[in-house]
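Reading through the structure tokens given below for one structure.
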Amino acid sequence: MNFENTPYSAAEAAAMEAALKAALAGPRGANPLVGAAILSPQGEQLAIGYHRGAGTPHAEADAIFEARKKGVDTAGTTMVVTLEPCNHVGRTGPCAQAIIDAGIAKVIYAVDDPHDPAAGGARTLTAAGVEVRSGLDGGKALEMNRDWFDAVAAKRPFVTLHIAQTLDSRIAAVDGTSQWISCPESLADNHGLRGLIDAILVGTGTVLIDNPRLTARTADGELSAHQPLRAVMGLREVPEDAAVRGTDGRFVHLPTRDPAEALGMLFEQGVRHLMVEGGSSILSTFLAADLVDELIVYIAPTLLGSGTPALNDLGITTLADAQQWSWDEAGGGAVRVLGNDLRLHLRSPRGASGIIKNSVSQKNMASHSDTAEYLTGGH
Ligand SMILES: NC(=O)c1ccc[n+]([C@@H]2O[C@H](COP(=O)([O-])OP(=O)(O)OC[C@H]3O[C@@H](n4cnc5c(N)ncnc54)[C@H](OP(=O)(O)O)[C@@H]3O)[C@@H](O)[C@H]2O)c1
Ligand SMILES: [Zn+2]
């Protein structure tokens with residue numbers, strides 16, 4: 001049967017809206033934001049799910065879990081999801097199989113999964129007799145994860161840049177003291193992020209001045225279960241007794257000043273989400289190279305008037321060339337008060353890239369095309 005010209009029902013469109021909204025609750029990073037809704041054959045929304053970050057159940061599994069928790073029978077239902085269900089066995093099982101096992105009869109997804117190992121979920125579903133359609137709100141789903149699609153297409157980690165600064169954008173005082181500009185709540189937030197990412201990066205300057213450990217720690221100073229790889233970028237040697245070396249082998253020195261090369265080295269080592277923590281030279285070099293997807297800035301109500309500025313020259317000499325960042329509501333909101341600090345969350349200024357311009361239109365599996373066609377604008 002050809003569904004190509006059959007319009008989506010109002011219930012399906014509303015379910016996709018709900019799935020897109022739910023997706024925004026998740027954190028950005030190595031995985032895209034994904035939301036899912038389950039609809040009864042009558043179009044009633046039975047359950048909503050979303051992805052809470054790397055290593056946690058995917059949105060589809062989360063929605064099925066929510067339905068089961070409510071005692072809802074998923075047999076014969078419709079799953080509406082913002083990304084093509086995955087086919088791979090990663091840290092969590094493949095969603096395509098979970099959907100088949102749940103007896104779901106129809107799947108509507110917004111946009112194809114560009115990952116080679118994950119791609120093909122739609123084919124598996126179709127082969128199992130599930131009716132599959134794609135493209136509903138494809139433009140919105142692509143825009144929501146545009147930075148993630150860019151990073152996947154470029155085969156580099158998703159980059160979060162972290163700055164802890166004073167009101168006047170200083171990250172250290174003249175004498176080099178910088179610990180701690182942020183309040184305990186901001187530090188705890190930062191350590192929470194460290195416990196989720198694959199790697200953390202600073203420059204040799206920060207290592208030589210601050211001698212940071214760069215571990216993820218709980219409020220009582222204990223090491224978190226997951227520790228990021230600790231990367232130091234720069235040509236100078238990292239001292240043998242530097243705290244960042246640690247004893248767990250999760251340390252790497254990247255002897256380069258080229259941020260793209262550093263990202264390439266980390267990607268090779270399996271890093272998919274990197275947090276760049278400083279100092280000014282390193283923050284600036286990533287920003288100037290347009291290699292930052294997400295900005296998290298903690299602003300303390302403190303003034304220094306002198307000291308190390310958060311950023312150096314970005315090569316911008318006129319206002320028209322200023323980088324225009326966008327507020328990002330994902331993962332808890334664009335602006336939050338954390339203890340005594342403000343936490344700002346922003347998205348890259350890259351603007352809508354080619355992936356959006358070529359976004360998929362409503363289509364069915366018969367016209368299921370190569371994902372590369374809308375990834376051509378990637379960086
Ligand atoms: N508040 C915060 O969030 C925060 C976080 C981190 C650091 N800090 C502060 O930042 C200060 C350090 O800043 P910083 O700028 O001196 O150190 P940095 O950015 O950590 O390191 C600078 C060094 O990185 C190397 N490097 C690698 N690639 C580079 C590139 N493309 N351009 C320039 N240098 C490159 C260079 O050393 P080589 O000669 O070895 O190549 C350079 O001297 C410290 O006072 C620290 O306390 C604050
Ligand atoms: Zn999945």
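Start at 1 with the first residue, then count along the sequence. As the structure lists them, so they are numbered: ligands from 1, and atoms in each ligand from 1.
- When each of Arg194, Gln227, Arg250, Met275 is paired with Leu214, the side chain to side chain contact (heavy atoms under 4.5 Å, CB included) condition holds for Arg194 and for no other.
- Within His58, the N, O or S atom at minimum distance from the Zn ion (ligand 2) carries the name ND1.
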For residues 264-273, dump all side-chain donor-acceptor pairs below 3.5 Å to protein atoms at least two apart in sequence or in another chain.
| unit_1 | atom_1 | unit_2 | atom_2 | d |
| --- | --- | --- | --- | --- |
| Arg272 | NH1 | Phe267 | O | 3.0 |
| His273 | NE2 | Thr160 | OG1 | 2.7 |

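- Within 4.0 Å of ligand 1, the residues that place a heavy atom are His162, Ala164, Ile171, Ala172, Ser178, Gly203, Thr204, Gly205, Thr206, Ile209, Asp210, Met233, Gly234, Leu235, Arg236, Thr256, Arg257, Glu277, Gly278, Gly279, Ser280, Ser281, Ile282, Thr285, listed by chain and number.
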Just list the side-chain donor-acceptor pairs under 3.5 Å for residues 322-337, sequence neighbours left out, or say none.
| unit_1 | atom_1 | unit_2 | atom_2 | d |
| --- | --- | --- | --- | --- |
| Gln323 | OE1 | Trp325 | NE1 | 3.0 |
| Gln323 | NE2 | Leu287 | O | 3.1 |
| Asp328 | OD1 | Arg28 | NH2 | 3.2 |
| Asp328 | OD1 | Ala330 | N | 2.9 |
| Asp328 | OD2 | Arg28 | NE | 2.4 |
| Asp328 | OD2 | Arg28 | NH2 | 3.4 |

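- There is a side-chain donor-acceptor pair under 3.5 Å between Thr177 and Asp175.
- When each of Met144, Glu294, Arg146 is checked for a side chain to side chain contact (heavy atoms under 4.5 Å, CB included) with Arg347, only Arg146 meets the rule.
- Geometry about the Zn ion (ligand 2) gives an angle of 120° between SG of Cys86 and SG of Cys95, rounded in steps of 10 degrees.
- By the 4.0 Å N-to-carboxylate-O rule, Lys140 lies too far from Glu143 to be salt-bridged with it.
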Contacts under 3.5 angstrom, residues 33-49 side chains, donor-acceptor by atom type, not counting sequence neighbours:
| unit_1 | atom_1 | unit_2 | atom_2 | d |
| --- | --- | --- | --- | --- |
| Ser40 | OG | Gln42 | N | 3.2 |
| Ser40 | OG | Gly43 | N | 3.3 |
| Ser40 | OG | Glu44 | N | 3.0 |

